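If you're wondering where the values come from, they're calculated on a predicted model, not measured in any experiment. Every chain is numbered from 1, with letters handed out A, B, ... down the list of sequences.
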Amino acid sequence: MTNHWIDIKNSDCILIMGSNAAENHPISFKYVTQAMEKGAKLISVDPRYTRTSSKADIYTALRSGSDTAFLGGMIKYILDNNLYNKEYTAAYTNAPFIVGKAYGFEDGLFSGYKKNEDGPNLGSYDKSKWAFEMDANGVPKMDRSLNHERSVFQLMKKHYERYDLDTVSTVTGTPKEDLIKVFKTYTATGATGKAGTIMYAMGWTQHTVGTQIIRAMAMIQLLLGNMGVAGGGVNALRGESNVQGSTDHCLLWHIWPGYLKTPRSSNTSLDAYNGKWTPKTNDPLSANWWGNYPKYSVSMLKSFFGDTANKDNQFGYNWLPKVDDGLGYSWFDLFDSMYKGDIKGFFAWGQNPACSGSNATKIRKAMENLDWMVNVNIFDNETGSFWKGPDTDSSKIRTEVFMLPAAVSVEKEGSITNSGRWMQWRYQGPKPMGNSRPDGDIIMELGHHIKEEYKHGGVFADPIVNLKWDYMTDHVYDPHKVAKEINGYFTRDVTVKGKLCKKGTLVPSFAWLQADGSTSSGNWLYCNSYTEKGNMSARKSKKDAPNKIGLYPEFAWCWPVNRRIIYNRASVDPKGQPWDNENWVIKFEGDVQDGKYVSKKWVGDVPDGGWYPLENPDGSKRDDAKHPFIMRKHGHAQIFGPGRADGPFPEHYEPLECPIEKNYFSSQMVNPTAVVYSTKADAHATCDPRFPFVGTTYRVTEHWQTGLMTRPQEWLMELQPNVFVEMSEELAKLRGIKNGERVKVSSARASLECTAVVTKRFKPFQIGYATVHQVGIPWHYGWRWPSTGTEESANLLTPPAGDPNTRIPETKAFMVNVTKL
Amino acid sequence: MTKSILIDTTVCTACRGCQVACKQWHDLPAEATQNVGSFQNPQDLTFTTYKLVRMEEEMIQGRLEWLFFPDQCRHCEEAPCLETAYDEQAIYRDPATGAILYTQATRSLDAEEIAGSCPYNIPRKAADGTISKCDFCNDRIHNGLQPACVTACPTGAMTFGDREEILSFASKRLAKVKQKFPKAMLLDPDEVNVIYLVAFDPALYSEYAVASSNRKGITRAVALRKMMGPLSKVVRV
Amino acid sequence: MKLNRRDFIKISGAAAAGAAVSGLGFDLTPVKSHASLLKTQYAKESTTICCYCAVGCGAIVHTSKRGDGRIINIEGDPDHVINQGALCSKGASLKQLAENENRLTEPMYRAPYSDKWETVSWDWALKTIAQRVKKTRDFKFESNNAKGQTVNRTTRIASVGSAAMDNEECWIYQALMRSLGLVYIEHQARI
């Protein structure tokens, strides 16, 4: 989230689309309700009427997979009706940038496209075709009037010309009058002083066009001036208690802690690596914060390898693995490789892929190829016990499995980071049950055992032997020691910012980190979380900030540097004064002489950099100021996104499996860069009469993820005992299905027995001439719990395709059949 | 000062935190349930389910509404169950809080008669004849805590406080809700301590949302006792 | 004359005295004893953050100081600025997550082609895993890729998980995996 949970109360219009906050983030509705009590409008857009919809002022349905069309329609509506915030758009976004002549778009394809025969991407773009034109100083050319025919603004206008209400309504199945109602209500937040927010989740990410759906919404937020302001932002409602933290610490193939890049094989030295990934700008008004990249990467290496990392060995840079340029090592690729027999050892640590991964049958099959698996969990589960799962003959499976019992969160101490980026410390209640242990203890012990094995030699033992591994106190894992390492230390006496910093003291914030090895920091984003002043994440003060908008700056700690609303420099005008005087986030209160600011003082939230505002009170420009979007190379938010794999503007494509035979926007049916896998376990079927209905998966309040932390619990099983399929009364009638009876749902990959929930909350869609039915299934189940073994995972049905930017699977839109048993 | 709860169904999201918080505080076991084609479960209150969020899908004036009704004992000002039992060792009222409380001695009562006397169809019987229902978390109230369900509620659908405060808050709240839902009403506010605010016809939420006239009829035995006056109660014991 | 409960007890006198009925958590001792002890009265109190969704709600854990030292109660923390005491159905059931007879409480091992779990010691399990890691990693460890560039990796071991771990655990976990040369490191955020 760019903003945070409490901040939702400051909104004037809340769009919940691609998420179901009332059900999956129930406590968020404390703040949705508070906003509504003050007059905010709530809009719910979802294929299915949900508990969220039940509280909405406006509810309307769209067909799964048509979100880009819906949002593209909203962009056109904003532009056609001049509803965008002109000053904000021209000053803070890249709308005025001039795009080079090589850029083009025709019939669903951007310029620079090339098909890929080898997969898994269907194709790729030469993104250099989408570059901005630069002036003589190497700064992007701009037309702040937004009139230049190749300005981002004009190209956007042209791109969305096709997204008229009729076409959008045909593709989405949303009635035209509902589209107008939603567009009108939401875009009213473009007025200065008004804020609109978007609450989205996996309903947007889990598509072959997921990234671009979110980009479309980000464009809307920028056009309406909703970024950086209280009650605004682009808010991804993350689904797990620490999925924000685990992402920040980068348990992902492509990034190192703090969103640094995993080195490519072509980054042959630390210098080459830093050179490649440190963006450069020639614009003196661009802060280009990532220009600090080498300070963060070197400090991270110091945390990995401690004293053994030094300038002479490139701080251990070559001790860490490199990935091949152009290849992906994501979830899909991992299990594809395991399915093909190339992966032999496997850790499934606090995760249950046998139920959580799309096309789960392939995953379960893949695990049969393993020599060994380590499964760490609270409960026995479908992954660790895969060798005795349905249709499996254990006598034919060679895999050794180690199942290690983990402690529950209330039995240990440490921090987690919520969706609003708040790092919060939690404490031990009871001791771990039985012989279970906190994950931290298991990891530390395992590390010691592995180090022991390599003490006496082994292939390339240096990184293992040299790994800094002193995070125990009295032979017990000590989370405080790790938290301090993540924050970082001065590794020698050093003078920074004119101040002597003693060796062994904690670094106050990432502004103090150095690229010469004099500082360590396991994750620069968390530098400032555990300082000489103490553990910031354990703070509990209920005192609000002077702006009284619910920031609670001394409750827990938030990255970066306790900034509660990121991009907050965009919440003020170029003179540093808030667009919204009531719910202001920051404001500039420097002294003024002769119409010029002469001293620096920001109040409110921690500002996105403490520089002077862009303009003085008399309107003159300052040359010591910075543009507000400091993490962007050019300091401007990106309406035009030339870094994306599938194009600089979001474009509607149909899901890999879809119910209609044509894309109403172009002759390009599916995302031309989507990832699609092709082993015999990767079947898919589009516009196939055997699978006539759109299927989607989702969650319910009473269960969580694969259900492994809810299915073994009686109280929650009482509330939602069975895997079910929701369908309209119309579809039930068509198939002769009675409410509450067990039915079969099948896809090109598998079939699943479910209880039918026949409801008015699903309605058939009219898509062109076709009536399209949609059904939905929660994915919380699996054969291990309940012990009947009858309730299986909906991910047996979901497809082998994903987004080209993220490789997140398309589990929100695929094709199924539903029949009586 | 006795206590009351306002349950404003217009902001209830049916997260069912209240339903589980009740079981958690009271250490109540789960029911073995089946999905019968609805999210609601269990299907009804039971001896070990004191609080149940009822869920109904209704078309109202051409608009689909999903109605949520966190059902529980109303803790009547003059409780027919108490009057019917006429046995303070089994059913009594805590004058400090207004809670109507059942003890194990309910086992000696006629459970059908007690359940039948309740205009809201709340009490439930165990196999051994003991009767139970919501106890208002009377232990928590006496220790300065809110009932577990109220504490758990995220949206403010449940507000707990002194009866007079809650009555006045309820009428203010009703006035505000009526701007959006003109037919909104409070259910039996003068008779009960768990007062519901509903947006539509209460019958759409639950058959027993308001005191049911065919159940409210006090039995002949109770009527006779009432006529005999309070002293006779004591004599009986 | 309207009788309150206190009067009732007084009047009924001996008939009721000593006959306190203890059932369903109540007894019939005089009214003031309603200010009776909560089940959490003598428990240790600690705070936690809910382990389900990412709203980050605070909860209070009451752990028995006697007997088995297990959890008596978990409810929303009214002093937490986000949830202010509120919890959804999952959060409200936290106690049953921890106090659950279905939990794993011993390390277990499944041998090749076996149809059952065997209970093993931690020491054996971790030592054996370390040996397996070394064997699989060191066999065909890739120092260079096909282009001859230095890569120092193993693509024969993979890891998934976990957003269910604490920040500090995530950090040491990724450090251990990366030091081993793993590139297949993924978790919940990808799916």
Side-chain angles (χ1 to χ4, degrees), chain A residues 25-27 238 240-243 245-247 249 251 265 321-323 329 331 334 343-345 347 349-351 372 394 398 401-405 408-410 414-415 418-419 424 426-427 429-430 434-435 439-440 443 445-447 449-450 453 459 463 467 479 482 552 555 702 704 712-713 715, chain C residues 46 48-49 51-57 61 63 81 83 88-89 93 96 98 102 104-108 110 112-113 115 125-127 130 132 134 136 138 141 145 149 151 153 156-174 176 179 181 183-184 186-187 189-190:
Chain A
H25 302 86
I27 310 305
R238 307 214 60 181
E240 312 219 9
S241 60
N242 197 33
V243 73
S246 57
T247 307
H249 297 306
L251 284 166
S265 52
K322 315 286 179 285
V323 294
Y329 300 79
W331 180 272
L334 186 163
I343 290 174
K344 291 295 173 194
F347 291 94
W349 200 302
Q351 192 168 10
W372 53 266
S394 62
R398 191 190 38 173
V401 186
F402 303 84
M403 189 178 276
L404 307 181
V408 173
S409 56
V410 294
S415 76
N418 79 359
S419 199
Q424 305 192 78
R426 53 187 184 186
Y427 297 88
N435 230 339
D439 294 283
I443 298 162
E445 292 284 354
L446 179 62
H449 278 283
I450 293 173
E453 291 293 322
V459 177
L467 178 67
V482 184
Y552 300 106
F555 192 94
E702 301 81 5
W704 190 70
Q713 277 153 269
W715 286 334
Chain C
S46 59
T48 193
I49 304 296
C51 60
Y52 291 108
C53 86
V55 172
C57 298
V61 181
T63 305
V81 295
N83 61 310
C88 71
S89 40
S93 76
Q96 206 172 58
N102 294 323
L104 292 168
T105 53
E106 296 291 341
M108 295 198 294
R110 184 260 177 184
Y113 310 110
D115 62 355
L126 293 171
K127 190 173 165 55
R132 299 291 184 275
K134 188 176 186 203
T136 309
D138 288 4
F141 185 83
N145 64 6
Q149 295 160 324
V151 292
R153 68 185 178 211
R156 289 163 47 80
I157 304 176
S159 164
V160 301
S162 176
M165 292 199 290
D166 291 350
N167 283 315
E168 298 74 28
E169 294 168 336
C170 287
W171 196 88
I172 54 170
Y173 186 69
Q174 64 83 34
L176 180 62
S179 76
V183 288
Y184 284 117
E186 286 281 87
H187 84 293
R190 184 72 64 195

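Contact count against chain A (heavy-atom pairs under 4.5 Å) is highest for C:E168 among C:E106, C:R153, C:R132, C:E168. Contact tally against chain C (heavy-atom pairs below 4.5 Å) for A:D439, A:V243, A:L404: the top residue is A:D439. Interface remark: of the candidates A:V482, A:I450, A:L251, A:L251 forms the most heavy-atom pairs closer than 4.5 Å to chain C. Chain A forms the most heavy-atom pairs under 4.5 Å with one residue out of C:L176, C:V55, C:L126, and that residue is C:V55. With chain C as partner, the option from A:P463, A:P430, A:G434, A:S409 having the largest number of non-hydrogen pairs under 4.5 angstrom is A:P430. Highest contact tally toward chain A, considering only C:I49, C:T63, C:T136, C:T48, is held by C:I49 [criterion: heavy-atom pairs under 4.5 Å]. Across C:V61, C:V183, C:D115, C:V160, the residue that shares the most heavy-atom pairs under 4.5 angstrom with chain A is C:V160. Highest contact tally toward chain C, considering only A:G245, A:P26, A:P712, is held by A:P712 [criterion: heavy-atom pairs under 4.5 Å]. Ranking A:E453, A:H25, A:R238 against chain C, the residue ahead of the rest is A:E453, based on heavy-atom pairs under 4.5 Å. For the options C:R156, C:M108, C:H187, heavy-atom pairs under 4.5 Å to chain A are most numerous at C:H187. The candidate from C:S159, C:S93, C:S179 with the greatest count of non-hydrogen atom pairs under 4.5 Å with chain A is C:S179. When A:G440, A:G414, A:S415, A:G429 are compared by the number of non-hydrogen pairs under 4.5 Å with chain C, A:S415 comes out ahead.
A:W372 touches chain C through its side chain: at least one heavy atom from C-beta onward sits under 4.5 Å away, while N, CA, C and O do not. Contacts between A:L467 and chain C at a heavy-atom distance below 4.5 Å involve the side chain alone, from C-beta outward. Proximity to chain A involves both the backbone and the side chain of C:V151, based on heavy atoms less than 4.5 angstrom apart. If you measure heavy-atom distances from A:Y552 to chain C, the contacts under 4.5 Å come from the side chain alone. Interface remark: A:F555 contributes side-chain atoms only to the contact with chain C (heavy atom separation under 4.5 Å).
From C:Y173, atom OH reaches atom CG of A:L446 across 8.5 Å, with rounding to the nearest 0.5 Å. Between the SG atom in C:C51 and the CG atom in A:N242 there is a gap of 11.5 Å [rounded to 0.5 Å].
Here the side chains of A:P405 and C:P107 are in contact, with some heavy-atom distance below 4.5 Å. Between A:W349 and C:E169, every side-chain heavy-atom pair lies at or beyond the 4.5 Å cut-off. Residues C:D166 and A:P479 fail the side-chain proximity criterion, which asks for heavy atoms closer than 4.5 Å.
The two atoms that bring A:W331 and C:E186 nearest to each other are N-OE2, 2.6 Å, heavy atoms only. The two residues C:S162 and A:S246 have their closest heavy-atom pair at O-CB, 3.9 Å. The shortest heavy-atom contact between A:I27 and C:C88 is CD1-N, 3.8 Å. The nearest pair of heavy atoms linking C:Q149 to A:S265 is OE1-OG, 2.9 Å. What you find for A:S394 and C:R110 is that their closest heavy atoms are O-NH2, 2.9 Å. Across all non-hydrogen atoms, the minimal contact from A:S241 to C:A163 is OG-O, 4.3 Å.
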Practice task
Kindly indicate, with the supporting measurements, whether the criterion side-chain contact (heavy atoms from CB on, under 4.5 Å) is fulfilled by C:N167 and A:H249.
Solution key: CA-CA 7 Å; C:N167 283 315; A:H249 297 306; 3.4 Å; yes
